[in-house]
Amino acid sequence: MTQARSSLISPGQAGTFHCIQRCVRRAFLCGVDRYTGRSFEHRKVWVEQRLALLAECFAVAIHAYAVISNHLHLVVQLEPTLSQQWTDAEVATRWIRLFPPREGTPEAHERKRDALMADSSRMLAARARLGDLSWLMRCLAEPIARAANADDDCKGRFWEGRYKAQVLCDDRAMLAAVAYVI
């Protein structure tokens, strides 16, 4: 019997997880649409680039991923205690890489970084979010959905509901998930 993710994974919980995010409205994440002949292979690069950025910013190790025509799989190991060891400057720099200022100037980056570091409650929230699975998946899904909707010239949901996550309790489960994903 399935259980709500909140009862399986608490915010900031360390562990290894197999996450699945599906598309809606017969949307393509990757591949070629056999009805229209349109190729969506360029979207795989979006996912790979975003995963590379997330791996650099979050307290996470990405063990495996797969970008399939209408969904993606991700096997990640989350270490939220690692983000607790980072300096405030490091947390602020990582956070601003994820959420840069609208003006892309170095001065705007510095102002946003200084404002974040001056607000202890925002720093605490950013530090916690950089070690949270839900925030990792949010930071993966949202930019891809925006880009895909712009690419498809449409509005609305791109992803089906929320992502699915399975806790991988031991090395054997993690290896099985990686083998499945690859």
J.: Report yes if the side chains of Leu78 and Thr16 come closer than 4.5 Å at any heavy-atom pair, otherwise no.
T.: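 Counting from C-beta outward, Leu78 and Thr16 never come under 4.5 Å.
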J.: Does a salt bridge link Glu107 with Arg111, judged by any charged N lying under 4.0 Å from a carboxylate O?
T.: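 No, Glu107 and Arg111 are not salt-bridged.
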J.: Take Asp151 and Arg38, measure what salt bridge (charged side-chain N to carboxylate O under 4.0 Å, His left out) needs, and give me the verdict at the end.
T.: CA-CA 12 Å; Asp151 192 34; Arg38 185 171 172 208; 3.3 Å; yes
J.: Is a side-chain donor or acceptor of Glu41 paired with a backbone partner of Gly31 at a separation under 3.5 angstrom?
T.: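 Side chain of Glu41 to backbone of Gly31, a donor-acceptor pair under 3.5 Å: yes, one is there.
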J.: For the pair Arg127 (side chain) and Trp86 (backbone), establish whether a donor and an acceptor sit closer than 3.5 Å, ignoring hydrogens and angles.
T.: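 Yes: the side chain of Arg127 pairs with the backbone of Trp86.
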J.: Counting only heavy atoms from other residues, nucleotides and ligands, does the tally under 6.0 Å from CD of Glu142 exceed 12?
T.: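 Yes, because the 6.0 Å sphere around CD of Glu142 holds more than 12 heavy atoms from other groups.
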J.: Would you compute the distance between atom CD of Gln166 and atom SG of Cys19 and round it to the nearest 0.5 angstrom?
T.: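 That separation rounds to 10.0 Å.
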J.: I'd like to know whether Arg94 forms a salt bridge (charged side-chain N to carboxylate O under 4.0 Å, His left out) with Glu90, so could you lay out the CA-CA distance, the side-chain angles of the two residues, the decisive distance to 0.1 Å, and finally the verdict.
T.: CA-CA 6 Å; Arg94 289 169 185 260; Glu90 195 172 5; 3.0 Å; yes
J.: Nearest heavy-atom pair of Gly15 and Phe17: which atoms, and what distance?
T.: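 Reported closest heavy-atom pair: O-CE1, 3.4 Å.
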J.: Provide the closest heavy-atom pair for Arg43 versus Ala148 in the form atom of the first, atom of the second, distance.
T.: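 The pair with the smallest heavy-atom distance is NH2-O, 3.4 Å.
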J.: Do Leu124 and Leu116 sit in the same hydrophobic cluster, where Ile, Leu, Val, Met, Phe, Trp and Tyr count as joined when their side-chain heavy atoms come under 4.5 Å apart?
T.: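 No, separate clusters.
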J.: Is there a path of hydrophobic side-chain contacts, each under 4.5 Å between heavy atoms, that joins Met117 and Ile96?
T.: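 No, it is not one cluster - the side chains of Met117 and Ile96 are not joined through contacts under 4.5 Å.
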J.: Are side-chain heavy atoms of Leu29 and Asn70 found at a separation under 4.5 Å?
T.: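 Of all side-chain heavy-atom pairs linking Asn70 with Leu29, none is under 4.5 Å.
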J.: Tell me if the centroids of the rings in Trp95 and Trp135 come within less than 6.0 Å of each other.
T.: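 Yes, the ring centres sit under 6.0 Å apart.
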J.: Only one of Val67, Ile182, Ile68 passes side-chain contact (heavy atoms from CB on, under 4.5 Å) with His73; say which it is.
T.: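 When Val67, Ile182, Ile68 are each tested with His73, the side-chain contact (heavy atoms from CB on, under 4.5 Å) holds only for Ile68.
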J.: Could you see if Ile62 belongs to whatever hydrophobic cluster contains Val178? Use Ile, Leu, Val, Met, Phe, Trp, Tyr and a side-chain cutoff under 4.5 Å.
T.: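 No: no chain of side-chain contacts under 4.5 Å links Ile62 to Val178.
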J.: Less than 4.5 Å apart, side chain to side chain, heavy atoms only: is that true for Phe99 and Lys112?
T.: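 In short, these two side chains touch, coming nearer than 4.5 Å.
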J.: Taking all non-hydrogen atoms of both residues, which atom of Phe58 and which atom of Asp132 are closest, and how far apart?
T.: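 Heavy atoms only, the tightest pair is CE2-O, 4.0 Å.
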J.: Does CG belonging to Asp171 count more than 12 external heavy atoms closer than 6.0 Å?
T.: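 No, not enclosed.
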J.: Let's go through Tyr163 and Ser134 carefully: what are the C-alpha distance in whole Å and the side-chain angles of both, what is the deciding distance for side-chain contact (heavy atoms from CB on, under 4.5 Å) to 0.1 Å, and is it a yes or a no?
T.: CA-CA 9 Å; Tyr163 68 96; Ser134 290; 3.2 Å; yes
J.: Just by distance, do the side chain of Trp159 and the backbone of Ala141 share a donor-acceptor pair under 3.5 Å?
T.: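 Confirmed, Trp159 side chain pairs with Ala141 backbone.
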J.: Less than 3.5 Å apart, any donor N or O on the side chain of His63 or Gln77 sitting next to an acceptor on the other?
T.: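 Judged by distance alone, the side chains do pair up.
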J.: With the side chain counted from C-beta on, respond yes when Tyr65 and Leu51 share a heavy-atom pair under 4.5 Å apart, and no when they do not.
T.: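 Counting from C-beta outward, Tyr65 and Leu51 do come under 4.5 Å.
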J.: Give, for atom CG of Leu98 and atom OG1 of Thr93, the distance between the pair rounded to the nearest 0.5 Å.
T.: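 It comes to 11.5 Å.
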J.: Nearest heavy-atom pair of Ala92 and Arg113: which atoms, and what distance?
T.: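 Shortest heavy-atom separation between Ala92 and Arg113 comes out as CB-CG, 3.8 Å.
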J.: Transitively linked via ILVMFWY side-chain contacts under 4.5 Å: Leu136 with Ile20?
T.: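 In one cluster with Leu136: Ile20, no.
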J.: Report whether Val60 and Val167 are members of the same hydrophobic cluster (ILVMFWY, side-chain heavy atoms less than 4.5 Å apart, transitive linking).
T.: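 Result: yes, single cluster for both.
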J.: Please tell me if the side chains of Leu140 and Leu74 come closer than 4.5 Å, counting only heavy atoms from C-beta onward.
T.: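 Leu140 vs Leu74: side chains touch.
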J.: Are the side chains of Arg50 and Pro143 in touch, meaning some heavy atoms are under 4.5 Å apart?
T.: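 Yes. Closest side-chain heavy atoms under 4.5 Å.
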J.: Got a second to check how far Phe158's CZ is from Ile144's CD1, nearest 0.5 Å?
T.: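 It is 8.0 Å, given to the nearest 0.5 Å.
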J.: Which pair of non-hydrogen atoms, one from Leu54 and one from Cys139, has the smallest distance, and what is that distance?
T.: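 That closest heavy-atom pairing would be CD2-CB, 3.6 Å.
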J.: Which pair of heavy atoms, one from Arg97 and one from Cys57, lies closest together, and at what distance?
T.: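 Scanning both residues completely, I find the closest heavy atoms to be CB-SG, 3.8 Å.
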J.: Compare all side-chain heavy atoms of Val75 with those of Leu168 and state whether any distance is below 4.5 angstrom.
T.: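 Side-chain contact under 4.5 Å: yes.
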J.: Using 0.5 Å steps for rounding, measure from the CG atom of Leu53 to the CD atom of Glu48.
T.: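 One gets 14.0 Å once the value is rounded to the nearest 0.5 Å.
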J.: If you measure from CG on Asp152 to CZ on Phe28, what distance do you get to the nearest 0.5 Å?
T.: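 The distance works out to 10.5 Å.
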J.: With distance as the sole test, does Asn149 use its side chain to make a donor-acceptor pair with the main-chain N or O of Gly156 at under 3.5 Å?
T.: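 Between the backbone of Gly156 and the side chain of Asn149 there is a qualifying donor-acceptor contact (under 3.5 Å).
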J.: Between His71 and Cys23, is any pair of side-chain heavy atoms under 4.5 Å apart?
T.: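 Counting from C-beta outward, His71 and Cys23 never come under 4.5 Å.
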J.: In Å, rounded to the nearest 0.5 Å, how long is the span from CD of Gln21 to CD of Glu160?
T.: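 Going from CD on Gln21 over to CD on Glu160, the span is 8.5 Å.
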